[in-house]
Protein chains: 2
Amino acid sequence: MKNAVTKTKPRAHSHSHQRQEMSALTGRLRQQARKITGPRAAILEILRQHPHPLTNKEIFAAMSGGQCNLATIYRAMHLLEEMGMVKRFDFGDGTARFELVGEGDDGHHHHLVCTRCAEVVEIEECFPSAIESRIAAANGFTSVTHKLEFFGICPECQ
Amino acid sequence: MKNAVTKTKPRAHSHSHQRQEMSALTGRLRQQARKITGPRAAILEILRQHPHPLTNKEIFAAMSGGQCNLATIYRAMHLLEEMGMVKRFDFGDGTARFELVGEGDDGHHHHLVCTRCAEVVEIEECFPSAIESRIAAANGFTSVTHKLEFFGICPECQ
DNA sequence: ATTAAGATGCAAACGATTTGCATTTAAAAT
DNA sequence: ATTTTAAATGCAAATCGTTTGCATCTTAAT
């Protein structure tokens, strides 16, 4: 059951944003017989340190001496996404953003994005699953999920 | 004037999808001192006849003899969007889709998209505004809106 | 009919992303 | 430790949706 609205713990977000151990991350790669390479380690390290979705370019820029090719980051993000280690988000600006996902977590959550300064806040609430189920049933669809993002003007930009 | 809600025929959605008169559409252009050109008339005519979001390419393809340039469609959609005559939707595939919006309507609604065959169903439900307000307030944001789309497998594709 | 703002066509430019291919490398096998 | 090989990377070129510069046309007002 979801506790989006009734939560009591004073956490900013419940979807496992506590930093994962690097060893846990590389371990997941190993389990899938993927190599732990310099570029991948760098990417994971950067993702670990960022609580919000990053674009491939931002990840690239975050690397000290451009120690890896941008194409490599694109490829790595596809791999990590397939493995369920990162989740892709779409803020509607034509640029994909990625966030590290906790093991066992599906990473499903939403954001509130400032349309002026692009500040991002993670959002607890989710579309009510009861309504989603009704929508699915009413239309005969199965495996229904949703993408939901909020946009507005942040305090600083008002 | 709009008669969106007072129709008697069994309709799937209430958000003014009844075809607008062509004259009403061209009138709105005239009011803004925009010219009624062949390409624009063709675009509006195509949009009128389609209940679901169309990509620019689809609009282009729907024109009998490619009577206008694709760039013209892109430009027209920007204009129509600014004028509030069409609404842009993003299904996350990197291609914008547009739907005609009824006069006075803001076109805000959502879709349920089949991830296999791309069938699209218009959805009535919206994210609860009370929750949205709470999200806005909790984070000090103003002018908060949202983008929400549902994805699943349609009856035929199951 | 004249005219000027607005539109269009065309091709080039763009930005995000993908891909082909030769080269490198992690990690398994010896 | 060395060999081996599948996997990964770098680089450049290719794609795809979209935008834009510019010369030419056209709507709609005069």
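Labels below follow one simple rule: chain letters A, B, ... track the order of the sequence lines, proteins then strands, and each chain is numbered from 1.
In this structure, the helix from C/dA1-D/dT30 to C/dT30-D/dA1 shows an angle of 20° between the axis at its start and the axis at its end, each fitted on 5 base pairs and rounded to 10°.
Not a single side-chain contact (heavy atoms from CB on, under 4.5 Å) links A/E82 to another residue, sequence neighbours left out. Taking B/Q31 as the reference, nothing meets the side-chain contact (heavy atoms from CB on, under 4.5 Å) condition, with sequence neighbours excluded. Contacts of B/Q67 classified as side-chain hydrogen bond (donor to acceptor under 3.5 Å, both in side chains), with partners at least two apart in sequence or in another chain: B/S64. Judged as a side-chain contact (heavy atoms from CB on, under 4.5 Å), and not counting sequence neighbours, the contacts of A/I36 are A/T26, A/L29, A/R30. Under the salt bridge (Lys or Arg N to Asp or Glu O under 4.0 Å) criterion, A/R116 pairs with no residue at all, not counting sequence neighbours.
The salt bridge (Lys or Arg N to Asp or Glu O under 4.0 Å) pairs that include a residue from residues 37-46 of chain B are B/E45-B/R48, where partners are two or more places apart or lie in different chains. Applying the salt bridge (Lys or Arg N to Asp or Glu O under 4.0 Å) test to pairs two or more places apart or on separate chains, those with a residue in residues 83-98 of chain B are B/E81-B/R88, B/D93-B/R97. Screening residues 58-76 of chain A for salt bridge (Lys or Arg N to Asp or Glu O under 4.0 Å), with sequence neighbours left out, gives no hits.
Here the P atom of nucleotide D/dG17 and the CG atom of A/D90 are 15 Å apart, to the nearest Å. Residue A/Q31 contributes atom CD, which lies 21 Å from atom P of C/dA26 at whole-angstrom precision. Look at CG on B/L79: it is 18 Å from P on C/dA5, rounded to the nearest Å. Rounded to whole Å, the distance from CD on A/Q67 to P on D/dC11 is 13 Å.
For A/F89 and A/H109, the gap between ring centers is short of 6.0 Å.
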Heavy-atom protein contacts under 4.0 Å, nucleotides 12-24 of chain C, coded B base, S sugar-phosphate only, - none: ----SBBBB----

Which atom pairs, donor and acceptor, lie under 3.5 Å between side-chain atoms of residues 140-158 of chain A and protein residues at least two apart or in another chain?
residue : atom : partner : partner atom : Å
A/H146  : ND1  : A/E132  : OE1          : 2.5
A/H146  : NE2  : A/H108  : NE2          : 3.2
A/H146  : NE2  : A/H110  : NE2          : 3.3
A/E149  : OE1  : A/H111  : N            : 2.7
A/E149  : OE1  : A/H111  : ND1          : 3.1
A/Q158  : NE2  : A/I153  : O            : 3.1
A/Q158  : NE2  : A/C154  : O            : 3.4
A/Q158  : NE2  : B/G140  : O            : 2.5

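As judged by a 4.0 angstrom heavy-atom cut-off over every strand, A/Q32 is placed among residues making no nucleic acid contact.
The CD atom of A/Q32 lies 4.0 Å from the CE atom of A/M83; values are rounded to the nearest 0.5 Å.
When the side-chain nitrogen and oxygen atoms of B/N69 are compared with OP1 and OP2 of C/dT8, none of them lie within a distance under 4.0 Å. Contact annotation: A/R34 side-chain N/O to D/dA8 OP1/OP2 distance is under 4.0 Å.
Annotation: of the two residues near DNA chain D, B/R30 and A/T72, the 5′-most nearest-nucleotide partner is A/T72.
For DNA chain C, the residues of residues 35-47 of chain A within the heavy-atom distance limit of 4.0 Å (strictly under) are A/K35, A/I36, sorted by number.
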